[in-house]
> 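My questions will all concern the structure given below.
None of the values given here were measured: they were computed from a predicted structure. Chain naming here is simple, since letters A, B, ... match the order of the sequence lines and numbering starts at 1 in each.
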Amino acid sequence: MTRALAIRGLDHAYALRSVLEGIDLDLPAGRTVALVGPSGCGKTTLLHLCAGLLTVQNGTLANGFLRPAVMFQQPRLLPWKTTRDNIALGLKALGVPAGERRARAEAMARSVGLDELALGQFPNALSGGMQSRAALARALALGPDLLLMDEPFSALDIGLKAQLHRLLLDHQAEHGLAVLMITHDLMEAVRLADTILVMAADPGRIVFRAELPVPARRRSEAEVYRSTAELLRQPAVCASFGLDLPAEAGNNGNGDGAAVVPLFSPESACAASGAPSCVSSAAAPSPASAACPSGPACATDAGKAPRKKGFSC
Amino acid sequence: MTRALAIRGLDHAYALRSVLEGIDLDLPAGRTVALVGPSGCGKTTLLHLCAGLLTVQNGTLANGFLRPAVMFQQPRLLPWKTTRDNIALGLKALGVPAGERRARAEAMARSVGLDELALGQFPNALSGGMQSRAALARALALGPDLLLMDEPFSALDIGLKAQLHRLLLDHQAEHGLAVLMITHDLMEAVRLADTILVMAADPGRIVFRAELPVPARRRSEAEVYRSTAELLRQPAVCASFGLDLPAEAGNNGNGDGAAVVPLFSPESACAASGAPSCVSSAAAPSPASAACPSGPACATDAGKAPRKKGFSC
Amino acid sequence: LTAAAVFAAALSVAAAPASAAEKLQKLTLSGPFAAVSYPLIHIAESGALKDVAETVEFVPWKDPDQLRVLAIDGKGKVDFIAMPSNVAANLYNRGVRLQLVNISTWGTLWLVSRDKSLKTLADFQGKEVLMPFRADMPDIVFQTLADQAGLDPKKNFRLRYVGSPLDAMQLLIARQADHAVLSEPAVSIALRKTKSFPVSVVAPDLYRSADLQHEWGRLLKREARIPQAGIAAMGQALANPKLVERFQQAYAASLKWCESKPDDCGAMVAKRVDMLTPEGVADSVRADNTAFVPAHEAKAELEFFFGQLHARQPALIGGKLPDAGFYYAPKK
Amino acid sequence: MTLLRAWLAGIPAYLWSGWGAVASLCLLLAAWEGASAVYGALVLPDPGTVFATLAGLVDSGAAWPELAVTARRAATGLLLAIAAGSTLGMLAGISLTASMMSRPLVTVLLGTPPIAWLVLAMLWFGASDGTPVFTVFIACFPVIFVGALQGTRTLDGQLKEMATVFRLPVRMKLFDLYLPHVVSYLFPAWITALGTSWKVVVMAELLSSADGVGAALAVSRSHLDTAATLAWIAAVVVTLLAVEYLLLEPVKRELEGWRRQEREGSAA
Amino acid sequence: MTLLRAWLAGIPAYLWSGWGAVASLCLLLAAWEGASAVYGALVLPDPGTVFATLAGLVDSGAAWPELAVTARRAATGLLLAIAAGSTLGMLAGISLTASMMSRPLVTVLLGTPPIAWLVLAMLWFGASDGTPVFTVFIACFPVIFVGALQGTRTLDGQLKEMATVFRLPVRMKLFDLYLPHVVSYLFPAWITALGTSWKVVVMAELLSSADGVGAALAVSRSHLDTAATLAWIAAVVVTLLAVEYLLLEPVKRELEGWRRQEREGSAA
Ligand SMILES: Nc1ncnc2c1ncn2[C@@H]1O[C@H](COP(=O)(O)OP(=O)(O)OP(=O)(O)O)[C@@H](O)[C@H]1O
Ligand SMILES: Nc1ncnc2c1ncn2[C@@H]1O[C@H](COP(=O)(O)OP(=O)(O)OP(=O)(O)O)[C@@H](O)[C@H]1O
Ligand SMILES: [Mg+2]
Ligand SMILES: [Mg+2]
């Protein structure tokens, strides 16, 4: 089996309630897929299916990776183990000897910003962000080839977030690990992912699929802002998040619940960037700007032409 | 006692480790204070002190509010109660009769986007975002005069975030409630707060205090971006988050661990906006732009002059 | 049962004049489920003391704890209580106000065995013998006799203590043991049980091998009887010599009745006491060694008996020989 | 009402799941049969004989009154112990001082052989129901107390803080916060106490009562009637199984319903 | 080693907290003294006499051998029950089928009066230690089993999922995942079982043995020597208290250390 995750026509229902319908997803080694979508649309369910925690009811899921690691939405640390032992848990399960596992756990803890003191504490004495960093360290310490992460950075401040983004990208460059991550921060998705899947709710399905051809480590900030803005101008995306559609993008058509729209292919990205939305919004807040609160979508520099660097359009 | 929260010279230590030192804070009725700072700097500890969950060790804390409500960093729902009963918990404690409490809980649940189905489920069948919305609804349902919130919107998607921001502002306009909120999203802080307190770690202390004179409901998106950018150009703030200081702002001096700097007074805001940082960063990613990943700070439209609307500078 | 009824009626008529003076509200008799109690049950059943009390009641006691509760001073719950003589002495020495009025049971201890050929204590040398209750009277008697026969009870026998005669019986029947020291009516019930279908198919017959009373007489060179159990007066009976005299008469009569009509006695007792079977009681009445002897007449034998017990286990009689106040003597 | 309805709706699934229990009871009977074949009917009569004897006791009407008396005593003692043990245990769990003070007393209660109490009980209650009821109470109370104490101590501190912040009154703290958590500790204690209560009441009757199953047991034992002895014991055990599976288990399912959903959600 | 060091370091605080326990034991003694004044020495001798008798027994050397024998039996039965009950209970908690199958057997064990076993035990073990050990085992096993079962069932599903994902081997699942959680359910069960074991072993010896505290108790009881009876019972209870406070409680503190930090963090 090749090192890849392939999902075809996956459905899932809790009791009688259908939560996921017709999910298709491909994650080859070394790539990053970001899953975004409204709260309660089934992202975590999909991740748990990938992790093998839920039985596949319908459709196929082929996971060819050998060493997956999961970072859950909640830290899920063992309350009776110190942070150090929690981070080393996966290593212990692999049979790594105590000394080495301790050293590796501590190195990983340092790289997520946990100090010696925190390592000796029990999880309930850690702050929220420290707990989620411990959970991240526990997953990374395994040296996985597939990393499933559920909102890994949502409890972290901007400084740590940036640091951990770098850490993740370095890790990925070094070990070629595949990442499936859930996030609510579109810009984070654009910054880290090779493919962004936007889901809509009731039932959970993928309504938009964006490919980012430039490798994540070579994306500039400006391109990240612009791509995010572009993403937010997609009717399917705005509909999925219940945002008002930016006025000038309304004619893109095919409302909500639409079929998957391939985007961020060079052409469509260029086409979209031709419709500046920011100047107007800055002058007098338009519905679009009010509705896109994480905002950079509307803040892209309208005056600049799309450059050939980073994004290939 | 007047309806206000006043903190003077507050210290806190867990065992022998000092976590908070010399915190001063004032929160009058109807105002919003946002607390931002690096993970583990003591924000939650401060909030718990305000909520009366920790005993004050040193300094004074006077809380004149009558009906405080708290939304914790973790949802803390009772796992054996349905979402409906969880939301109604505070009302039940107030002695509201069953019928009314049910109706009020359901109304509040609807306004945070929880449907009938979710209301009948136990918390462990809710998604992460649904749980934190239930916790928010539980706090708001009380009709509090002081609302203490610990990263209330971090598990929510952009659409819901915008919707709940509106809800909070409406609520505040209607009931005049005071809000103390912790967030990692600087733009959210700038959007919702009247005062932003930036904390630094080891020990937790307030290193920067920004006042936003324009009422939150009248702030335009553009102003929010600009103010956020300005905030991120403050050396104290960048130091606190461990970000590299934007090159051109380095001369503002007084490094990290500095005394409280009054800012966002009309003058300083204007002064700061005179140093454009974005053009350079867009052209060739500067250290600053790479280090300020939630980015709009660097994305403010450099070409535009500060306008007199919204922000009073 | 007609005979019993007639006899009872005759008794009560004969005794009628005595009761004219003062009649008690209630007279309470108490005793264990053993031969000493049969006459008490008969008294209660037949109304033999109707002339002295409105109601006569028999209350059984099953274990030392119940006995202690019954014996508490000042409560006056029981008037006549049947018990082993050493227990009476023990209670007396511990300050309970009671007096021994008579001895009626003169030994009901047997060595029961699966082996017909064993006849004396000495024959049981080297054998495992079940002994219900450690350090209780049967144990001490056994040890005394063994000593007297020149045997060391610890070395020459393998004594296996069990919790109760019932356990001993059960082990005998289940062929887990071959010999046991038992007392009536346990002996009779066990024999009955093993002779009757289906049990006898499994276990061979048991035999009354050695009569410990007989051994007592033989080895200690005295009469072949042990002053084992009798009646003590308590509470309101203590201050009422007339009542005691009347009771002594009735008890003697009832004892005689039981001895003369074992089957009727068995039926009567079994009716009151579920745990005993009519045949078992009848057998035990036939086998046991009863004689009504007022306490003051048995004093010498009792003191010898107590002396033997005291020598080995002072606690059995409360640490010392009871003084003369222990023995009831009718005032002439 | 809703509880009742939910209870009724749950019956089919419940009965189905009962087959496992029935199967293992059958295994037990088979083992018994085997043992009786080895040791002979005198030591251990086979189940057939025993249940025939039991049926005879039931038919003759001898069984019901005794069972009723014993059940009344066991139930009274057990309910008293549950009420007192759960309440005091939870109170002790909330207050550290109370817990320090009460623990050794509970140990004393737990470790003192019943004969130490029996005399006092007989003095206080005489031949009435009091003695066995008291004995049951003394035997069951500490079991439940310890469970309630531990359950209260282990409630998640985060939820306690939440309750403080939302100013739950004492009543709500007890019923909405502590009890649903403590119940999961109380259930094993209740199951233990239920079994103990029957066992203890039978032993107490055996020693001190004129009626009840224990007294009947004493009689059949003294007759060396092993079949009847075992029939009475079987009656006790069957009643106990009935009480547990018809009463305690459905209550447990109802009260722990929220855990079930958790289970179904995760297929791990 | 670290465990031992932590244990030693905890002693002063531990002893200090023991004053509450001592105080309540003193209250108990006072109550006993009062009751003895009311009922008289035959029913209830006063504590002074009883402890003097106990001191006499200890001085004369009569107490130690009996206590040692009884302790050996109680400890053997208890350890067997703890080992078997904890293991089987946890296994049953992991597998739903095993739990369905085992529960009724446990109920049968719990509810069967000891006299039903006594005959079998005497057959199997004769007059050896086996009978009391078996009786203790039968009495304690279900208590621990039920606790372990419930503890295993209540482990947070989220942590179970985590363990699955991190592919914890069975050994680690047992010791790192289940046991630390189950321990909080096992502790009340262990405390109950510890008390029960002493009580039961004494009762079993009372009924069937030639030595041990129970046998000594039987002797003093048949001699109506209440002071000696209570002295033996006091010896048992004091030993039990010592075992609980010197052994079980420190272990508990050590194993539940992580809960303490939680407590200190919240002043609510
Ligand atoms: N164990 C469960 N039993 C029943 N329904 C469940 C269960 N878990 C989740 N659900 C339902 O499935 C839906 C999707 O849940 P999921 O956790 O996958 O959402 P999500 O996309 O991760 O949302 P969020 O961003 O808020 O975490 C929700 O409506 C939730 O109520
Ligand atoms: N109960 C506790 N016992 C000991 N130390 C604690 C306890 N709770 C928190 N701390 C420590 O106090 C510091 C501040 O924690 P706090 O939870 O207040 O951080 P925070 O600012 O809320 O961080 P985050 O943004 O990650 O939630 C942390 O270093 C943490 O380790
Ligand atoms: Mg989720
Ligand atoms: Mg926090």
> Give a yes or no answer on whether the side chain of A:Asp157 reaches the backbone of B:Ser39 with a donor-acceptor pair at less than 3.5 Å.
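At least one qualifying donor-acceptor pair exists.
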> Given the options A:Leu160, A:Leu156, A:Thr183, which has more heavy-atom pairs under 4.5 Å with chain B than any of the others?
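Greatest number of close heavy-atom pairs with chain B: A:Leu156.
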> Picking from A:Pro38, A:Ser132, A:Gly42, which has the most non-hydrogen pairs under 4.5 angstrom with chain B?
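Among A:Pro38, A:Ser132, A:Gly42, the one with the most close pairs to chain B is A:Pro38.
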> Please determine, among B:Cys41, B:Gly113, B:Ser127, the option with the most heavy-atom pairs under 4.5 Å with chain A.
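Among the listed options, the one with the most contacts to chain A is B:Ser127.
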> Check B:Leu232, B:Asp185, B:Val36 against A:Ile158 for a side chain to side chain contact (heavy atoms under 4.5 Å, CB included) and give me the one that passes.
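Of the listed options, the one satisfying the test is B:Leu232.
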> Considering only heavy atoms and a distance below 4.5 Å, find which of A:Lys43, A:Gln74, A:Arg133 pairs most often with chain B.
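Going by pairs under 4.5 Å, I would pick A:Arg133.
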> Suppose we screen for salt bridge (charged side-chain N to carboxylate O under 4.0 Å, His left out). Which residues come up paired with B:Asp115, at least two apart in sequence or across chains?
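For B:Asp115, no residue satisfies salt bridge (charged side-chain N to carboxylate O under 4.0 Å, His left out) once neighbours in sequence are set aside.
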> Which of the residues B:Glu188, B:Glu151, B:His184 is involved in the greatest number of heavy-atom pairs with chain A at under 4.5 angstrom?
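Counting heavy-atom pairs under 4.5 Å, the top option is B:His184.
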> Using heavy-atom distances under 4.5 Å, tell me whether B:Leu126 contacts chain A through its side chain, its backbone, both, or neither.
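Neither part, no heavy atoms under 4.5 Å.
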> Heavy-atom cut-off 4.5 Å, strictly under: side chain, backbone, both or neither for A:Thr44 against chain B?
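Neither; nothing under 4.5 Å.
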> Could you give the distance from CG (A:Leu243) to CD (B:Gln163), rounded to the nearest 0.5 Å?
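Here the rounded value is 10.0 Å.
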